[in-house]
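Remember, predicted model here, so these are calculated numbers, not experimental data. Computed from heavy atoms alone, side chains included, the values below leave out hydrogens, waters and symmetry copies.
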Amino acid sequence: MMDKQLLENIQVVEDYILNAYKRNFREPMGTLKNPFFVPGANYTYEMWDWDSWLTDIALFEIAKAKGEDISIYEKGCVLNFLDHADSDGRIPINVIGTRASIFDLVPGKEVNIHKPCLAQHALFICEKYNGDVAWLKDGFATMKKFV
């Protein structure tokens with residue numbers, strides 16, 4: 001059995017999450033053409049590879065509990081990364097809408113690139129929305145090249 005103080009602390013954390021989670025949502029800015037979310041409210045217009053996917057898992061559950069649709073932000077995360085693929089299919093680990101990233105893709109330069117979880121993230125979204133893949137149609141060739 002949990003003690004009273006622990007239960008109070010859990011309630012404080014839950015209340016904070018339910019009241020502050022929208023601070024992670026961002027509208028298009030600069031090179032990020034689609035709505036998206038960031039892995040923490042202190043990030044401005046910066047996306048990270050698997051952080052986008054894992055943040056989606058958490059935010060989706062909160063939004064679902066509140067009866068809110070966040071699909072435009074979920075899909076936007078994947079689409080923003082696909083927009084930054086180079087001709088070899090490489091996608092950066094990090095994209096920033098307002099300035100260059102240290103991971104920007106430069107021909108002949110090796111940099112840390114996005115993990116294959118981008119495809120898992122896209123599948124996660126498609127499965128949640130009854131198999132809807134239409135939103136990914138324009139980026140699917142890029143996704144295949146990346147994988």
Side-chain angles (χ1 to χ4, degrees), residues 8-147:
E8 288 175 7
N9 291 345
I10 290 170
Q11 190 61 53
V12 167
V13 171
E14 286 178 357
D15 290 346
Y16 176 79
I17 290 169
L18 289 172
N19 291 313
Y21 82 101
K22 284 194 173 182
R23 292 177 45 206
N24 294 58
F25 291 76
R26 300 289 184 269
E27 297 306 317
M29 164 63 96
T31 63
L32 301 171
K33 305 295 184 203
N34 300 284
F36 63 101
F37 37 72
V38 294
N42 290 335
Y43 288 88
T44 53
Y45 289 94
E46 186 170 351
M47 295 175 53
W48 287 88
D49 61 354
W50 63 13
D51 296 302
S52 294
W53 175 40
L54 297 173
T55 301
D56 184 1
I57 292 169
L59 293 178
F60 175 75
E61 290 302 320
I62 296 166
K64 184 170 74 171
K66 292 181 149 252
E68 297 174 355
D69 178 4
I70 63 168
S71 61
I72 192 169
Y73 295 92
E74 295 174 288
K75 294 170 185 175
C77 285
V78 172
L79 296 173
N80 282 332
F81 275 114
L82 291 174
D83 285 347
H84 285 81
D86 69 8
S87 60
D88 293 327
R90 297 183 311 162
I91 298 174
I93 187 174
N94 163 260
V95 292
I96 303 171
T98 57
R99 63 179 171 80
S101 166
I102 61 169
F103 300 106
D104 280 347
L105 303 175
V106 176
K109 179 183 174 193
E110 289 188 25
V111 295
N112 198 352
I113 64 169
H114 203 303
K115 317 300 182 291
C117 65
L118 182 63
Q120 290 172 288
H121 191 183
L123 177 62
F124 174 73
I125 295 165
C126 293
E127 288 178 338
K128 287 190 306 183
Y129 298 102
N130 301 316
D132 173 28
V133 296
W135 64 275
L136 193 54
K137 183 180 178 186
D138 291 340
F140 191 69
T142 302
M143 179 75 72
K144 280 179 56 175
K145 192 170 194 178
F146 167 69
V147 173

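- Sorted by first and then second residue, the salt bridge (Lys or Arg N to Asp or Glu O under 4.0 Å) pairs involving residues 39-51 (not counting sequence neighbours) are Asp49-Lys115.
- With sequence neighbours left out, Lys33 forms a salt bridge (Lys or Arg N to Asp or Glu O under 4.0 Å) with no residue at all.
- Note that the CG atom of Asp56 and the OH atom of Tyr73 stand 13.0 Å from one another [nearest 0.5 Å].
- Residue-environment remark: CG (Asp88) exceeds the threshold of 12 foreign heavy atoms within 6.0 Å.
- Annotation for Ile57: atom CD1 counts as buried by contact number, over 12 foreign heavy atoms lying within 6.0 Å.
- Remark: Thr31 pairs with His84 by the side chain to side chain donor-acceptor pair (under 3.5 Å) rule, at least two apart or across chains.
- Closest heavy-atom contact between Asn94 and Ser101: OD1-OG, 2.6 Å.
- Residues Ile70 and Ala63 share a closest heavy-atom pair of CG2-CB, 3.6 Å.
- Every salt bridge (Lys or Arg N to Asp or Glu O under 4.0 Å) that Asp132 has, sequence neighbours left out, goes to Lys75.
- Residues Asp69 and Tyr129 are in side-chain contact: their nearest non-hydrogen atoms beyond the backbone lie under 4.5 Å apart.
- By the 4.5 Å heavy-atom criterion applied to side chains, Arg26 and Leu32 are not counted as neighbours.
- When the options Ile93, Val38, Leu54 are evaluated for a side chain to side chain contact (heavy atoms under 4.5 Å, CB included) with Trp48, the one that passes is Ile93.
- Judged as a side chain to side chain contact (heavy atoms under 4.5 Å, CB included), and not counting sequence neighbours, the contacts of Leu123 are Glu127.
- Between Glu27 and Tyr45, the shortest heavy-atom distance links the atoms O-CE2, 3.4 Å.
- Scored by the ring-ring contact (aromatic ring centres under 6.0 Å, His included) test, Phe36 finds no partners at all (sequence neighbours excluded).
- Between the CE atom in Met29 and the CG atom in Asn80 there is a gap of 12.5 Å [rounded to 0.5 Å].
- Within the 4.5 Å cutoff, the side chain of Ile125 has heavy atoms near those of the Trp135 side chain.
- Checked against side chain to side chain contact (heavy atoms under 4.5 Å, CB included), Ala58 has no partners two or more places apart in sequence or in another chain.
- Residue Lys66 qualifies as enclosed at atom NZ: its count of foreign heavy atoms under 6.0 Å is above 12.
- Contact detail for Leu82 and Gly139: the closest heavy-atom pair is CD1-O, 3.8 Å.
- With sequence neighbours left out, Thr55 forms a side chain to side chain donor-acceptor pair (under 3.5 Å) with no residue at all.
- With sequence neighbours excluded, no residue forms a side chain to side chain donor-acceptor pair (under 3.5 Å) with Thr44.
- Interatomic distance, CD1 of Ile96 versus OH of Tyr43, reported as 10.0 Å (0.5 Å rounding).
- By the salt bridge (Lys or Arg N to Asp or Glu O under 4.0 Å) test, Arg90 is found to be paired with Asp86, residues two or more places apart in sequence or in another chain being considered.
- Taking Lys145 as the reference, nothing meets the side chain to side chain contact (heavy atoms under 4.5 Å, CB included) condition, with sequence neighbours excluded.
- Residues passing the salt bridge (Lys or Arg N to Asp or Glu O under 4.0 Å) test with Glu14, sequence neighbours excluded: none.
- Residues Trp50 and Cys117 approach most closely at CB-SG, 3.4 Å, considering heavy atoms.
- Annotation: the span from Phe103 atom CZ to His114 atom NE2 amounts to 12.5 Å, rounded to 0.5 Å.
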Tell me, with the steps shown, if Ile113 and Ile91 meet side chain to side chain contact (heavy atoms under 4.5 Å, CB included). CA-CA 6 Å; Ile113 64 169; Ile91 298 174; 5.9 Å; no
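- Within the 4.5 Å cutoff, the side chain of Asn34 has heavy atoms near those of the Asp83 side chain.
- How far CZ of Phe60 is from CZ of Phe37: 10.5 Å, rounded to the nearest 0.5 Å.
- The heavy-atom pair separating Pro35 from Pro28 by the smallest distance is N-CG, 3.7 Å.
- Counting non-hydrogen atoms of other residues, nucleotides and ligands closer than 6.0 Å to CD of Glu8 gives a total above 12.
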